[in-house]
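Below you'll find the structure, written out as structure tokens, and then a few comments.
Each chain gets a letter, A, B and so on, in the order the sequences are listed, and its residues count up from 1. The structure displayed is predicted, hence computed values, not measured ones.
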Protein chains: 2
Amino acid sequence: MQSGQEHTLSEFRQQCRAAGLSLTHQREVIFLAVTASKGHPSPESIYDEVRRQIPSISLATVYKNIRTFLEAGLLREVSPHHGSLRLEANLIDHHHLVCTRCKAIVDLAETDIEPVHLKRELPSGFRVLRYSVEFQGLCPDCVADIKTP
Amino acid sequence: MQSGQEHTLSEFRQQCRAAGLSLTHQREVIFLAVTASKGHPSPESIYDEVRRQIPSISLATVYKNIRTFLEAGLLREVSPHHGSLRLEANLIDHHHLVCTRCKAIVDLAETDIEPVHLKRELPSGFRVLRYSVEFQGLCPDCVADIKTP
DNA sequence: TATTAAACGAGAATCATTATCCAAATGTCA
DNA sequence: TGACATTTGGATAATGATTCTCGTTTAATA
């Protein structure tokens, strides 16, 4: 185990306890693999990584625990609607309101927000073509559903 | 056919001509179904809609043409990495640089941009919990690849 | 340490999407 | 306009990602 993971590990154990999740070796290795990954890994790439330490682990176990961690708030998914392709015919720059509960997406006109300003230079060499702001939250329907379940 | 689609339709025909795409009845109905949809439809929901006008259409035809439209730039997909779940352990608010070519995602600290300001109220009832800015473009590697293929 | 509930592993099942292959429609040019 | 070459459509098989099932193993706790 590399140095620097001890802290993450004890934090992880504490988070599991707080969330009422059993501590298993598989869970520790999976979670550490995600945090150790510099990028934004896919379940498959985590599986590849974890198998180096637990060759017998099942892909289903990786998926199951990733989902558990997402539900417990220990991990987050980058895109709130990765499951199915979503289309738009509006090619003009604009922004999105996304309901994290029902996955609804509502457009917000480019002119509805002040232009975004960078405080510093971007990582070298990245060529930005456009940007869009994603406001995450709850749509009116889901707000109502939560208040009166 | 509802009023107001004639304009979209003639525009569509012109875009197809410009892109060298054959004009078919299926393509027209599919494209109009996407533009008529107020939200951000999935292929499946477009299929359901289109079948009301062309009951014999195949789901594969819908997918094929959606892909064609995306490649020709007639449509856009909402999420640049919808294909596979991507994780992050960084729960602190931050932003993303996304390479539209190789799908790489790089974090940008919350403090790297000026706070986003709304010019007007959001659509009523939407409760915003957080926002993040997605800068789309090309990462250094892909910039280099394009220059020297 | 014995009991019980939760988690694991293997593989089947499901869902979204793409590929294949033949028939039908489109585009073009004489 | 008619014939031909090309593209597209429809049906269905195949693939890839993800979830489910079920019998076995492990963790939590008394």
Side-chain angles (χ1 to χ4, degrees), chain A residues 9 12-31 33-34 40-72 74-75 77-87 103, chain B residues 12-34 40-72 74-75 77-87 103:
Chain A
L9 186 51
F12 168 72
R13 288 177 175 153
Q14 192 172 326
Q15 285 179 296
C16 277
R17 245 175 270 121
L21 300 177
S22 308
L23 271 172
T24 67
H25 183 219
Q26 286 87 339
R27 283 190 173 159
E28 288 185 353
V29 174
I30 291 167
F31 189 83
V34 177
H40 297 72
S42 65
E44 199 72 32
S45 70
I46 293 302
Y47 176 56
D48 290 343
E49 184 58 34
V50 168
R51 252 196 309 184
R52 293 163 57 175
Q53 287 169 73
I54 313 177
S56 65
I57 199 167
S58 163
L59 178 58
T61 298
V62 173
Y63 269 100
K64 235 177 312 185
N65 284 311
I66 284 173
R67 189 127 306 282
T68 301
F69 294 154
L70 288 171
E71 280 159 13
L74 274 68
L75 294 179
E77 55 184 305
V78 173
S79 168
H81 20 67
H82 80 277
S84 147
L85 179 60
R86 297 292 211 91
L87 303 167
K103 312 296 181 192
Chain B
F12 169 71
R13 289 178 174 152
Q14 191 173 327
Q15 286 180 295
C16 278
R17 247 176 268 121
L21 300 177
S22 309
L23 271 171
T24 68
H25 183 220
Q26 286 86 342
R27 283 189 174 160
E28 288 185 354
V29 175
I30 291 168
F31 189 83
L32 288 183
V34 177
H40 296 72
S42 65
E44 199 72 30
S45 71
I46 293 302
Y47 176 56
D48 290 344
E49 183 58 34
V50 167
R51 253 197 307 186
R52 293 162 57 173
Q53 287 170 71
I54 313 177
S56 64
I57 200 167
S58 163
L59 177 58
T61 298
V62 173
Y63 268 100
K64 238 179 308 188
N65 284 311
I66 284 173
R67 189 125 308 279
T68 301
F69 295 154
L70 288 172
E71 280 159 13
L74 274 69
L75 294 178
E77 55 184 303
V78 173
S79 167
H81 22 70
H82 81 278
S84 148
L85 178 60
R86 297 293 210 91
L87 304 166
K103 313 294 183 195

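Following rounding to the nearest Å, Glu71(B) (CD) and dT8(D) (P) show an atom-to-atom distance of 12 Å. Ile54(B) places its CD1 atom 13 Å from the C1' atom of dT8(D), with the value rounded to the nearest Å. Between Glu28(A) atom CD and dA27(D) atom P the separation is 10 Å, expressed in whole Å. Taking atom CZ of Arg17(A) as the reference point, atom P of dA28(D) lies 9 Å away to the nearest angstrom. Taking atom OH of residue Tyr47(B) and atom P of nucleotide dC15(C), one finds them 15 Å apart after rounding to whole Å. In this entry the distance linking CZ of Phe69(B) with C1' of dT7(D) reads 14 Å, nearest Å. Rounded to whole angstrom, the span from the CG atom of Leu21(A) across to the P atom of dC8(C) amounts to 10 Å. With rounding to whole Å, Arg27(B) atom CZ is found 11 Å from dT7(D) atom P.
Looking at residues two or more places apart in sequence or on another chain, you find a ring pair (Phe, Tyr, Trp, His ring centres under 6.0 Å) between Phe12(B) and Phe31(B), Phe69(B).
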- Message: Using a 4.0 Å heavy-atom cut-off to protein, can you give one letter per nucleotide of nucleotides 11-19 of chain D, 5' to 3': B if the base is in contact, S if only the sugar-phosphate is, - if neither?
- Response: BB----SBB

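With contacts defined as side-chain heavy-atom distances shorter than 4.5 Å, the pair Gln15(A)/Leu21(A) does not qualify. Side-chain atoms of Glu49(A) and Val34(A), non-hydrogen and from C-beta on, never get closer than 4.5 Å to each other.
Ile30(A) pairs in a side chain to side chain contact (heavy atoms under 4.5 Å, CB included) with only one of the listed residues (Thr24(A), Thr68(A), Ile46(A)), which is Ile46(A).
Stacking of Arg51(A) on the aromatic ring of Tyr47(A) is recorded, both the 6.0 Å distance cut-off and the 45° axial limit being met.
Heavy atoms only, all atoms of each residue included: Lys103(A) and Arg86(A) are closest at O-NH2, 3.3 Å. The two atoms that bring Leu87(A) and Leu70(B) nearest to each other are CD2-CD2, 4.1 Å, heavy atoms only.
For the helix from dT1(C)-dA30(D) to dA30(C)-dT1(D), the axis fitted to the five pairs at one end and the axis fitted to the five pairs at the other end meet at an angle of 40° (nearest 10 degrees).
No side-chain N or O of Ser84(B) forms a donor-acceptor pair with one of Ser42(A) less than 3.5 Å apart.
Within the 4.0 Å cut-off from OP1 or OP2 of dA7(C), not a single side-chain nitrogen or oxygen of Asn65(A) is found. The phosphate of dG9(C) has OP1 or OP2 within less than 4.0 Å of a side-chain N or O from Gln26(A).
Within the nucleic acid shown, Thr24(A) comes within 4.0 Å of sugar-phosphate atoms alone, with no base atom in reach, counting heavy atoms only.
Here the straight-line distance linking atom CZ of Arg27(B) with atom CG of Asn65(B) works out to 4.5 Å at 0.5 Å rounding.
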